[in-house]
There are 2 protein chains.
Amino acid sequence: MPPSTGDHPALHEALAAEDHRTAAGRVLSVLDVFDQDHLELTLSEISRRADLTLSTAHRLVGELRDWGALERTTEGRYAVGLRVLELGTLEPQMLQLRDVAPAYLADLQSAVKANVHLSVRDGHDVVYVESLQRHSGAHVLSRLGGRWPLHTTATGMVLLASAPAAVRQEVLASPLKRYTDHTITDPDTLRRMLAEVQRTGVAVLRETITLGTFAVGVPVRGPSDRVVAALSVTLKIDGSLTVHQVLPALNATARALSRALGTATPGTSPSRPLGPSVRPFAV
Amino acid sequence: MPPSTGDHPALHEALAAEDHRTAAGRVLSVLDVFDQDHLELTLSEISRRADLTLSTAHRLVGELRDWGALERTTEGRYAVGLRVLELGTLEPQMLQLRDVAPAYLADLQSAVKANVHLSVRDGHDVVYVESLQRHSGAHVLSRLGGRWPLHTTATGMVLLASAPAAVRQEVLASPLKRYTDHTITDPDTLRRMLAEVQRTGVAVLRETITLGTFAVGVPVRGPSDRVVAALSVTLKIDGSLTVHQVLPALNATARALSRALGTATPGTSPSRPLGPSVRPFAV
DNA sequence: CCCCGGCTTCCATCGGGCGGAAGCCGTCGG
DNA sequence: CCGACGGCTTCCGCCCGATGGAAGCCGGGG
């Protein structure tokens, strides 16, 4: 960034493209430097990645550490702290879903013997709220809190199809990131598929993220029939199961889950869902 | 807080106990107002609870919302955003554990038919990283990211027993919060129990949080035999199972999990744990 | 030995965060 | 109908504390 402006110290002001971040923005910049590929960073790395002077980074990191937002690893590097996780679990949608959903997901999984996902929409992304892997240990792509663009996953398509028209237009107008040869990147195709999803209530996406798999997604509705989440099953393309074979179980589970959610909101204080009405395929 | 200082406006300065928070501190104050019992708040509630003027709260909340740390509910209130959850899942210990642990926990659970917990230490608290409930739907006490003081849970005792001496002394010197009649609140008793845990490698706590249940905890070790987590089983007191009946399975699972973790660290880049060596009670 | 990179502490300055105030909106009650 | 109220949003001038430069510390390596 600062490649010898030394020659003309006079114009360093002009070139240095002032920093218009607010104090709060700088704090968030620090948090922003951590991602999947940067779990642990030294202070100087943070300062570089966040584009903050070392002294500022030092002070902010210190305050964040005191609060628990960051923690110091044994090797002296910094990482996101458990306090952030604790705070994150207070997100209301996800809190409610994680309360009732696991049982339904487990039943569905044992019925179809495949990976099962429950997701909600956050802006233009789909976020995993709960997932069950067939052979646990492969949490790779579907980590809790994991994000994908809406157009790349079955649950994303379901959520996009039922999102406010404004959101749909924004997504259709924005560049559609490609992950495989089969990722749908053409707005017109996407528009057509969305219409189809709206008509049928089911989204089927083939190899849009991972080659060799396809996913089937359906909506989960909360009180007043609003779509609050999406449920999906991911299958191997050369596997034994077809869309039509899993669809009944998927739909039944989604509807049972919807019913369980629907009962939860009349009272403002979450009036215990009592017994999860009907759980198809219950053990 | 401001009970009619109006009479003597002159001394409002003196009484008003200046606010020594930094800008970053105020940002964190805003996040701090959200907890288990305050999932959604209006702007004014936030401003009151965080002790910020309305205009300041307004601006900070706006910035946090733009970043995704907060979101606006349909009713116009504010809540923690999914971005926080996403960030929280980057916490390294928890990330590694959640990658490999689920399979082991599932095996253990199906072997003992009881609730199973995996926890790590964060300061003077124990934090749940993963848990399996016998009858799903009762995630109540053991929500992911949930916190308890170290002296109140079986996993906490295990982690405290293996924590640096400094931590142990701090906890022993601090007031030990009581939850039930059986919560251990006497430092001397705690010290004795810790010694016992260190000697035997097992912690058994009866009704220290919830009446009618007891829990058995054992350490989980990572590379270089450092204790990185604790594994526990929670049983009904009048149930059929005794400590001695679950201990073998618990120990075997903890050791298998330790081995799986141990293999993961030689290379600095997490060199895939390949196959989870031996999983006792595997299905 | 010195140099280098990373970290920590200190301090004067100045820009932007702060809070007061005014105005907007919807709701309730007289 | 109007007025009061609570909650929210916007605006703006002042002052203070965040900022970043600089100096000093530590450890490793050439």
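Proteins come first, then strands; the chains are lettered A, B, ... in the order of their sequence lines, and each starts at number 1. Since this is a predicted model, take the numbers as computed values, not measurements.
A salt bridge links A/Asp122 and A/Arg147; the closest N-O separation between the charged side-chain nitrogens and carboxylate oxygens is under 4.0 Å.
Within the 4.0 Å cut-off from OP1 or OP2 of C/dG19, at least one side-chain nitrogen or oxygen of B/Arg26 is found. For C/dG6, neither phosphate oxygen OP1 nor OP2 lies less than 4.0 angstrom from any side-chain nitrogen or oxygen of A/Arg77.
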Compile the donor-acceptor pairs under 3.5 Å between side chains in residues 219-228 of chain B and protein atoms, sequence neighbours left out, one pair per line.
{"unit_1": "B/Arg221", "atom_1": "NH1", "unit_2": "B/Asp225", "atom_2": "O", "d": "2.9"}

Acceptor/donor pairs from residues 156-167 of chain B side chains to any protein atom, 3.5 angstrom cut, sequence neighbours excluded:
{"unit_1": "B/Ser162", "atom_1": "OG", "unit_2": "B/Val158", "atom_2": "O", "d": "3.1"}
{"unit_1": "B/Ser162", "atom_1": "OG", "unit_2": "B/Leu159", "atom_2": "O", "d": "3.3"}

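Residues passing the salt bridge (Lys or Arg N to Asp or Glu O under 4.0 Å) test with A/Arg255: none are found, sequence neighbours excluded. Take A/Asp66 and apply the salt bridge (Lys or Arg N to Asp or Glu O under 4.0 Å) test, not counting sequence neighbours, and it matches no residue. The salt bridge (Lys or Arg N to Asp or Glu O under 4.0 Å) check on A/Arg59 picks up nothing, with sequence neighbours excluded.
With rounding to whole Å, B/Tyr78 atom OH is found 14 Å from D/dG7 atom P. Rounded to whole Å, atom C1' of C/dT8 lies 10 Å from atom CZ of A/Arg72. Residue B/Leu52 contributes atom CG, which lies 14 Å from atom P of D/dC8 at whole-angstrom precision.
Toward the 5' end of DNA chain C, the nearer of the two residues A/Leu43 and A/Arg21, judged by each one's closest nucleotide, is A/Leu43. Toward the 5' end of DNA chain C, the nearer of the two residues A/Arg48 and A/Ala24, judged by each one's closest nucleotide, is A/Arg48.
Near DNA chain D, meaning a heavy atom under 4.0 Å from it, residues 53-63 of chain A has A/Thr53, A/Ser55, A/Thr56, A/Arg59 in order of number.
Checked against C/dG19, C/dT8, D/dA18, the side chain of B/Ala23 finds its nearest nucleotide in D/dA18.
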